[in-house]
Amino acid sequence: MTDSRVERSATEAARIPLSPRYGRGWLAALIASVLMVLVLAYVIAELVVAGIGIWGTNIPFVWGFDLSNYVWWIGLANGCSLFAAILVLRRHSLRTAINRFAEGLALFAVICAAIFPLFHLGRPWLFYWTFPYPATFQVWPQFRSPLTWDFWAIITHLIVTTMLWYVGLLPDLATLRDRARTPVARRVFGSFALGWRSSVRHWAFHQRAYRLVAIAVIPLALVIQSTVAFEFAITLVPSWHETRLPLHYVVSGLESGLGLILLAAAALRGSLRGIDRFIDDEDMNLIGKLLLANALVACLVYAGEVASALLAGPLMVEAILNRLVGHYAGLYWGAIALSVLLPQALWSSRMRRSNPAGILIGLGVIAGIWLDRLSIIVGGMQRDYLPSTWRIYAPTQPEWALFLGSIGLFAAMFLLLMRFLPVVSMSETRHDEYREASS
Amino acid sequence: MTGEEDDGRPSDVTGSGPCETRLWRSLEELAGSEEVRRFGGAEFPEAATPETIDRRALLNLMTASLALGGLTGCAVNRQPWGAPLLAQPRLAPQHTPGVPLIFATSLELDGLGRGVLVRSHDGRPVKIDGNPLHPASLGGTDVFMQAEVLSLYDPDRSTVPMAGGMRRSWDDASLYVTQLSHQFQANAGRGLHILLEPCASPTRDRLIALARQTLPEARWYFHAPLTDGNTHVATARVFGRPLDPVLDLMQADVILTLGGDPLGAGAGHIRYAADYAQRRHARDRPLPRLYSAETSPSLTGARADHRLALPPREIEALARQVLDLVRNAAPPPAAPQSLAAIIAGDLRRAGAGGLVVPGREQAADVQAIAHAINVELGAVNRTVRYVEPIIQASTDQSSSLLALAEAIGRGVVDTLLILGGNPAYDAPGDLEFADLIGRVPSSLHLSYYFDETSRVCRWHLPARHALESWGDLRAFDGTAGLRQPVTVPLVEAMTAEDVLAQLVGEAGDGHAHVQATWREVWGEEFDARWPTALEDGVIAGSAAPAASLAAPVGWSPPPAGPPVAAGYSMVVFAPDPSVWDGRFANNGWLQELPKPFTKQVWGNAALMASDTASALGLATGDIATFTHGGRTIEAPIWIMPGHAPDAVTMTLGYGRRAAGRQGSQRGFDAYPLRSSRELWALAGVTIAANGRRDALISTQHHHGMEGRDIVRVVPATGPVNWPVEPRRSMYPDYVYDGNAWGMSIDLDLCLGCNACVVACQAENNVPIVGPDEVAQGREMHWLRIDRYFAGVPDAPETYFQPVPCMHCEKAPCEVVCPVNATVHSSEGLNEMTYNRCVGTRTCSNNCPYKVRRFNWFNYNQKPPAAPDAVQNPEVTVRWRGVVEKCTYCVHRISTARIAAKMEGRPIRDGEVMTACQQACPTRAIVFGNINDPDSAVYRCRENPRSYELLKDLNTRPRTTYLARIAGLGRGSVGGTR
Amino acid sequence: MSRSDYGIVAEFASANGLLAATRAARDAGYRRLDAFAPFPLADVSVVLGHRTAVVPLIAATAAVVGGGLSYLAQYWMNAVDYPLNVGGRPLHSWPAFIPATIIVSALWLAAAAFLTMLFKCGLPRFSHPMFDVPGFERASDERFFLWVSSEDPAYEPRDVAALLQRQGAVAITRLEVTR
Amino acid sequence: MVQLFRPQADTAFRLWVIASAVVVIIVLGAGYIYVRSDAFWRVGATAPMQPIPFRHDLHVAGVGIACAFCHSTAERAAHAGMPTAHACLTCHSQILQGATVMEPLRTSAALGTPIAWTSVTRLPNFAYFHHGVHIRSGVTCETCHGRVDQMRETEKVHTMSMAWCLDCHRNPAPNAVRTEPEGSAVEGSRDSLKVSEIFAAPLTNCSVCHR
């Protein structure tokens, strides 16, 4: 819808969003992901009608895919938004390339994450009981429970991530408005642009607000990751009952976020013609280095996990050994291999710059963290206090469907983003170009 | 009669001596009451004479609400105006709507009576407990008594007469029976053959005697798959005539059991368990020493100080050695002593305090030897008394099923009446009995279900449930008890007595027949004694006296048979702990009840030792083919620690083909392998794996304690000394003045009999979830019994540990609930409010004891859910998506609190009894106010054996355990406690 | 229905042009100016003397207020209004109330920053005279504009136009609005 | 460039913002009031139809029959108890005996089937209530049921919401009038009962009502 303006424009930024013709690939991908969304809808309906008995969960495995997927998604979200926020604050050149879609990814991940805690309830239609409203039975939520903290965490995350994304997007919406051809598009973008006139005064306040929202995001991301960790850490389950768990979740969460960003960046470069002008090799190089560094930290955290467990007494030892060699050992070692060993490939700069490698490593890291979540939750619950209650858990089809469905939803939203909104920030790019020019 | 009184039976009731406060009634008495006469005089013509307001009328009055389905306790009522308020035409006297009534009656097992109290809400029986006055119960129950009430409402029960597979009216049916009686009264009963279940019912015996007179040519047979033991053969050998042994475990200092399960199974086991428990904890008496020689693990063996896992032939060898060593008073040979010598030594030392108990499945010789030893020890009339057979009818061989089979074979049977029982299913396989019945021109089967036998008979008549019918039963010790209906018949049906009465042309209903029986016995005392007897459920002083034994000369057993050839393998048959002989197959509570040792549900398996299994190349779950004499069955294998080598144990009662929707096609049927000549142990069975596997469903998958401090065991002698670390907590403690409820469970008394589990399920509307859900790990029992093995796999120690909610003062589950659905009461209860629960399950996740259950589906609405009628109206019926758990029977606490308040007094100790506590035969569970120094539970907590489960977590459980006392060392002197 | 003067708008090809023009206009004594650029121009802001410190101030206050409210609410509901013995924990279990407090204050911080921005920028404002300036759509792309308000005490259309002309404006528009 | 929106757009937008804010507030406020309103709890509503047009005002105020005469178990049991056909017929075998409105009564007496009255105050099945203990604690009938003696048709006079129950359970004193309803079964033992015994019991425990 925007190509007509391209030749009129002198700046690189004018070429965003680029590649006017999104080929069949995009359409196919969209259709595929929409189908997955339909599956998601079906499973949710089934859940509400039949009950969560259709899952493989039981006593003691009261949680399975539901919580591990939630933890995984929220980790991705926190990773992305944390990273984006830091870039905004550092005013790092990388932000021009990454922020826009990083913030978008964060937002979509939160939406996917929110599905799970809602529908893992036995009676999901009563979810609002966790919100403090004046009910005629005069009972309030119980604020000592991490689940109530979690309720606030998800709502807040949703709102703040949206704001971070929107504030950054505002000037570009104005640009789209001014370039739009069809009156409808013009009006639509116009309404969302709120009448932005790119006045220097606007810019001044905009910059302040953007940075402040970013500042809010940083503690938020950290606290929310920790809150999620608390959900497990404050229980008595032997392999969860650890003060180190929040750290573990923050580190691995950020890593999965970086993995996702790497994946998305590489995928964009691979699919959108000309975008490598904006997400250039240098950017990829930087992301790669960051991910590598994060993987090394994660390695340290994993080591700490084993060490602290071994120091913590017989039950913990048994629990951790069970995760390492027990029925669910595959999950643990898979996590190590994918989230610690695989990123080591990024030591080579060729790998860092190659798109296929980026996609593979990004996917690998994300999958690795997913396995880590499953290993912690499912593998952790397996060795409880009374051996008489020990059992096995295996996910059922509906659980897989729910999981894949949420991925489909995520993919669909991202595909629409890259189609209708600039995937890298135009205004930031212009700004940089100006600075480079003036310096 | 108020609600709280139904649990109010003093906890210290021991069947000795009459119970001071009698809290249950007979409808008869109500019907006879002044009140009734008064409104007999009222303006209703049909009520003009008192008789018309008999018990049936009263039951009708109370049950009327059922007619309109005004059942409380069902899921939340969605009608705008709620359920209607029912105004009865007239109140049953002394019955307050909504306040339960208690009736005493008798239930039957193996043809012997066990006294129960039935709690009925508005004419709807919902709970069964033991009758403290009844010698076979003393207030305790077993799983079968508890579950009987579910069978009463079984939707699969037979409701109409059938003939040739067609539904028939009752008119046709009674016409048929009348014709029979005319026909046979004409020809003195020639060609009439009647098969009955052996049953110690005076009324039935009277009617049979009557029939034998009026129909002299008729032939009578008795069959039940489990009562055809060798007991009478053995006693006949030793004492010259068949007798029944009755044990007195209070007196026994040294006990040797040869097979069997006196503490865990059979018509007398509740009493025996109670006696043994009472003796174990009698402070002034030495601990009894219990030796068990058995083939497959039994509750008795698990409790024994010494358990010897022996195949049948070695049990016999042991018995012979012990007899010899007891007989010739030679000084015991020098160490190392043989086990037989040690046991014999102990028995001799105990003298009259010694006791040898043979299992009914043992060979006649073994049993005879056991009795001989008792005689030798002078134990007769001290630890054991021999009485004339309680069930007279079935003693002679000519009345066996075998005889009937031959008769049919000879073609002399024109008409076969099968009154009760299910021979087409449970007759020994070699008889091909189902086919035999088919050969009989005219056959009739009276039974509760339209079962395997009904299908092969011409006629089928629905039978009444025990809770719907009149009758009387003798207990294992001969004590007679009356049976009275506690509800109007839910379907039109008959009892065996009714049919017999019709045959002999005796008028009147069951009520009349029973009264007639006892009029004969009591003469003019009748009017005085009948009401009391009915109210007590027990006829005082009717226990069988010790038989006068013509001083038995030293009987010697015949020489042992030849040693069995190699490749030998033996199959031993045993009743199933869940479905007994198969009669309970359609009972969801029992099907879903984890068997004590395997924890298997909804099926059975062939148990064998690991060595045997590996020798045969089998593993748990493999299906093997068992062949003997051309008869073949297939059964899944279960490797059972502590099972004797070279033997396989098969439990009977599964593999039903026509049990009903829940009972059919579950497990495998062992009867076809059974031989009419070797009922209990079958030698020379060939076993072969056939490569297929069966997913056996069990509720426990790990069997060791992994070295954790779970079940504590203290030495039999010497003090208990555990390190007492001081309690520390970051938080200030809440003060629980007033009542502070707590429970103590004595692991030394707990036999693992499961009675508490079913009692809890019945009392608290705990849903049945079905095999698939259990297989997925979703059983709902609020109270489970964990079973751990310790020591060597071949001869392990077996520990049972009932685990209800611990009601932790620092409850981890409450802190993590986001909506305050589970919080603490000011009396220290960990309360669960279902209607506030949103179902995050995080509480269950944070419960280290894993006692919280979750309604994954709407279990109470989807099969095999228990019918609404059996739901306890005092307890909310839970719905999908909420967590539930043990509440310490909080509804009983509320009822007691309300009663106390209304009478302006505090709640008495023992006034609140939890369902599990009430059911426990050994009184292992004690509940009460831990603030009250005079309460039983307080004393238990002060006991040095008292400990908290997972104490290190500092959850401060209100449920505490008393450590198990280790078995006595061999031949060492008994310690005391 | 009368058309009235809204001011003079000059279009510049470069940021520096705009900067110079703005400076010049300030020096010439004009106070009611606004500049338009496709990206933030800090130095122009400085010249125009924008004060944005109020945003963090309000945001910080909001954060404190929101957090405080959240904590008080938790305390009141669990310890005052319906005190329940939950797992033997104290009614006022302050450590457990912290996480939600932090989260909520972050929410208020972000929300306050965002709303303050909109308020101070007078957004949303869908219809504005500036949109009448020919080619103004390129203000969001690569062109720069300076506007001198007719309200300016020193406003004199001819002078202003001349001044801006001198600063190398590529186009000059006299903006009129209908009132 | 051309204006995308007319100047009115802004006014319209601001109005819309304000309006929607107002709407939200109104909706929430209305909801808050409605779920506490009598209408929501069917207070003042009378049953659409009863098998017999029974009038409390005639029987209580008029004839002077005490509550406990018909609701005979209210003082000792959980259920207040409904009068039996037999009880009704003590009078109505003479009075109005032929009246058609009495048909259900005669049917019930003759056939022995219950009369199904439409219940006006009904708690959900997970809430357990015991009439006896409330009366014993001095809560009078009209505290919860209002002046039934003046009602032509029986109606609900309180919401009977959990909040309503809690108000009293948190502070029973005002409603626990120390007078005994007529025909009390517990007359004599009144003095033996100390107030403390009534109020000592923790009435706000969940399990007091929910089991």
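Letters A, B, ... are given to chains in the order of the sequence lines, protein chains preceding strands, and every chain is numbered from 1.
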Side chain, backbone, both or neither of [X] within contact of chain C (heavy atoms, under 4.5 Å):
X: A/Q142; answer: both
X: A/I218; answer: neither
X: A/F151; answer: neither

Do you know which of [options] has the most heavy-atom pairs with chain A at a distance under 4.5 angstrom?
options: C/A112, C/S45, C/P99, C/S105; answer: C/P99
options: C/V104, C/D81, C/L48; answer: C/D81
options: C/P40, C/S127, C/A111; answer: C/P40
options: C/S70, C/A106, C/S14, C/A37; answer: C/A37

Between [X] and [Y], does the ring centre distance come in under 6.0 Å?
X: C/F39; Y: C/F144; answer: yes
X: A/Y133; Y: A/Y128; answer: yes
X: A/W196; Y: A/W203; answer: yes

What pair of heavy atoms forms the shortest contact from [X] to [Y], and how long is it?
X: A/A97; Y: A/V424; result: O-CG1, 3.2 Å
X: A/P422; Y: A/R100; result: O-CG, 2.9 Å
X: A/P146; Y: A/I234; result: CG-CD1, 3.2 Å
X: C/F126; Y: C/F131; result: O-CE1, 3.6 Å

Contact origin within [X] toward chain A - heavy atom pairs under 4.5 Å:
X: C/N78; result: both
X: C/A60; result: neither
X: C/L41; result: both
X: C/R143; result: neither
X: C/W94; result: neither
X: C/A59; result: side chain
X: C/L115; result: neither

Under-4.0 Å salt bridge between A/R95 and A/E428: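 Salt bridge between A/R95 and A/E428, a charged N being under 4.0 Å from a carboxylate O: yes.
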Any salt bridge between C/D5 and C/R174, counting N to O under 4.0 Å?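 Judged by the 4.0 Å cut-off on N to carboxylate O distance, C/D5 and C/R174 do form a salt bridge.
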Let's test your reading of the structure: which of A/V160, A/L170, A/L220 forms the most heavy-atom pairs below 4.5 Å with chain C?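 Ranked by contacts with chain C, first place is A/L220.
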Quick one: of A/V213, A/L212, A/T227, A/V139, who has the most non-hydrogen atom pairs under 4.5 Å with chain C?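 Highest number of pairs under 4.5 Å: A/L212.
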Give a yes or no answer on whether the side chain of A/H241 reaches the backbone of A/T235 with a donor-acceptor pair at less than 3.5 Å.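 Yes; judged by distance alone, with no hydrogens or angles, the pair exists.
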